[in-house]
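See below for the structure under consideration.
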Amino acid sequence: MDKINKTDEELKYCYKYPHPSVTTDCVIFGFDGTKLRVLLVQRGIEPYKGRWAFPGGFLKMDESAETGALRELKEETGLKDAYIKQFHAFSDPNRDPRERVVTIAYYALVRMQEVKGGDDAAKAEWFALDEVPSLAFDHDLILRVALKELRKQIHFEPIGFELLPEKFTIKELQLLYEAILDVKFDRRNFYNKMKHLEILTQLDETVFNSPQKEAFLFRFNKAKYEELKQKGFRLEF
């Protein structure tokens, strides 16, 4: 009986047609107050030993792609409830020299100060977008596609607020949107746009942006944003 059960288990994943392995890769974005950054991990094994890459790994047989991505994210950053979004599947037959591998890619938006680091903490580092080295596998392409998707989604979803502290100034918000979209906004026009949308709640708290200038703190009003979204809202600049 044991022999039969063992044979059944061995045959469980045998199919007529060859099939690829499946991985998830996660482009983790953070904001340092001025620049948009990505978290990279230096590979310790071949292929591409010593090269930088995005956190990721092979899916387990009992987990979905999202579950696998969240697991990898927790292992690499210590985060449990980060905002992640699936944005593309990369399936070039030659993208991994070891075997046929399809990766399902996600981007994650995290507050850098909340990242604790996991087992690979000693080999993980934040890079500004203009400082990213040549990456392993096809991760240069993955980064380009992730940025394109992030810049598109920011018009439809309040994703930028995931990168800011719970309380922030208008200046911090403007710098974030400029970093994501790679543009410069007029300060007064940006403030008036955000004020008109009513998606920010002004608090009775202030901080000093400079020794001479005091600024109010704001909090994102998610309920108001959802109300606008139901009306077909699109954030335009």
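Positions are given from 1, in the same order as the sequence printed here.
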I need the [X] [atom1] to [Y] [atom2] distance, nearest 0.5 Å.
X	Y	atom1	atom2	result
Leu200	Tyr225	CG	OH	12.0 Å
Asn221	Thr201	CG	OG1	4.0 Å
Arg100	Ser91	CZ	OG	6.0 Å
Glu214	Phe208	CD	CZ	4.0 Å
Ile159	Leu163	CD1	CG	8.0 Å

Can you run down the salt bridge (Lys or Arg N to Asp or Glu O under 4.0 Å) pairs that involve [range], sequence neighbours left out, and say none if there aren't any?
range	result
residues 38-52	none
residues 61-72	Glu63-Arg71, Arg71-Glu75
residues 167-177	Lys167-Glu205
residues 140-151	Glu149-Lys152

Which pairs with one or both residues in residues 57-77 pass ring pair (Phe, Tyr, Trp, His ring centres under 6.0 Å), sequence neighbours excluded?
->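 Listed once each, the pairs would be none.
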
Could you check whether any side-chain heavy atom of [X] comes within less than 4.5 Å of a side-chain heavy atom of [Y], counting everything from C-beta outward?
X	Y	result
Met194	Leu173	yes
Trp126	Val38	no
Phe29	Leu39	no
Ile28	Leu73	yes
Arg219	Leu203	yes
Asp138	Asp96	no
Phe31	Leu175	yes
Pro55	Leu40	no

Is [Y] reachable from [X] through a run of hydrophobic residues whose side-chain heavy atoms are each under 4.5 Å from the next?
X	Y	answer
Phe218	Leu197	yes
Tyr107	Leu141	yes
Tyr177	Leu217	no
Val102	Phe90	no
Ile142	Val101	no

Assess whether atom NZ of Lys222 is packed by more than 12 heavy atoms of other residues, nucleotides or ligands within 6.0 Å.
->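 Not more than 12 within 6.0 Å, no.
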
Would you say Thr103's side chain and Ala105's backbone share a donor-acceptor pair under 3.5 angstrom?
->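 Here the side-chain-to-backbone pair does not exist.
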
Quick one: does Tyr48's side chain have a donor or acceptor within less than 3.5 Å of a partner on Leu135's backbone?
-> no

Begin with the C-alpha distance, continue with both residues' side-chain angles, and end with the deciding distance and a verdict on salt bridge (charged side-chain N to carboxylate O under 4.0 Å, His left out) for Arg188 and Asp186.
-> CA-CA 6 Å; Arg188 185 178 298 275; Asp186 176 78; 5.8 Å; no

Could you walk me through whether Phe87 and Val145 pass the side-chain contact (heavy atoms from CB on, under 4.5 Å) test, one step at a time?
-> CA-CA 8 Å; Phe87 67 91; Val145 177; 3.8 Å; yes

Exercise answer: donor-acceptor pairs, residues 178-185 side-chain atoms, under 3.5 Å, sequence neighbours excluded:
from	atom 1	to	atom 2	distance (Å)
Glu178	OE2	Gln174	NE2	3.0
Glu178	OE2	Phe185	N	2.9

Residue list, side chain to side chain donor-acceptor pair (under 3.5 Å) with [X], at least two apart or on another chain:
X	value
Gln42	none
Gln230	none
Glu131	none
Tyr106	Gln86

What's the shortest heavy-atom distance between [X] and [Y], and which atoms?
X	Y	result
Leu176	Gly160	CD2-O, 2.9 Å
Ala69	Ile84	CB-CD1, 4.2 Å
Phe127	Val132	CB-CG2, 4.1 Å
Ile199	Phe220	O-CD1, 3.4 Å
Asp25	Gly56	OD1-CA, 3.8 Å
Leu59	Ser64	CD2-O, 3.6 Å

Looking at the rings of Tyr17 and His19, which for Trp means the six-membered one, are their centres under 6.0 Å apart?
->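 No; His19 has its ring centre 6.0 Å or more from that of Tyr17.
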
Within residues 29-41 or reaching into it, pairs that qualify as side chain to side chain donor-acceptor pair (under 3.5 Å) - sequence neighbours excluded | Asp32-Arg37

I would like to know whether Phe168 and Phe161 meet ring pair (Phe, Tyr, Trp, His ring centres under 6.0 Å); could you show each step before the answer?
-> CA-CA 9 Å; Phe168 51 85; Phe161 296 97; 5.7 Å; yes

Evaluate side-chain contact (heavy atoms from CB on, under 4.5 Å) for Leu150 paired with Val27, printing each intermediate quantity in order.
-> CA-CA 11 Å; Leu150 180 65; Val27 184; over 6 Å; no

Ring geometry between His139 and Phe137 (parallel below 30°, tilted from 30 to 60°, perpendicular above 60°) | tilted

Taking it one step at a time, do Lys74 and Leu79 satisfy side-chain contact (heavy atoms from CB on, under 4.5 Å)?
-> CA-CA 5 Å; Lys74 181 181 177 182; Leu79 292 170; over 6 Å; no

Salt bridge (Lys or Arg N to Asp or Glu O under 4.0 Å) partners of Lys80, counting only residues at least two apart |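 In terms of salt bridge (Lys or Arg N to Asp or Glu O under 4.0 Å), with neighbours along the sequence ignored, Lys80 is linked to no residue.
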
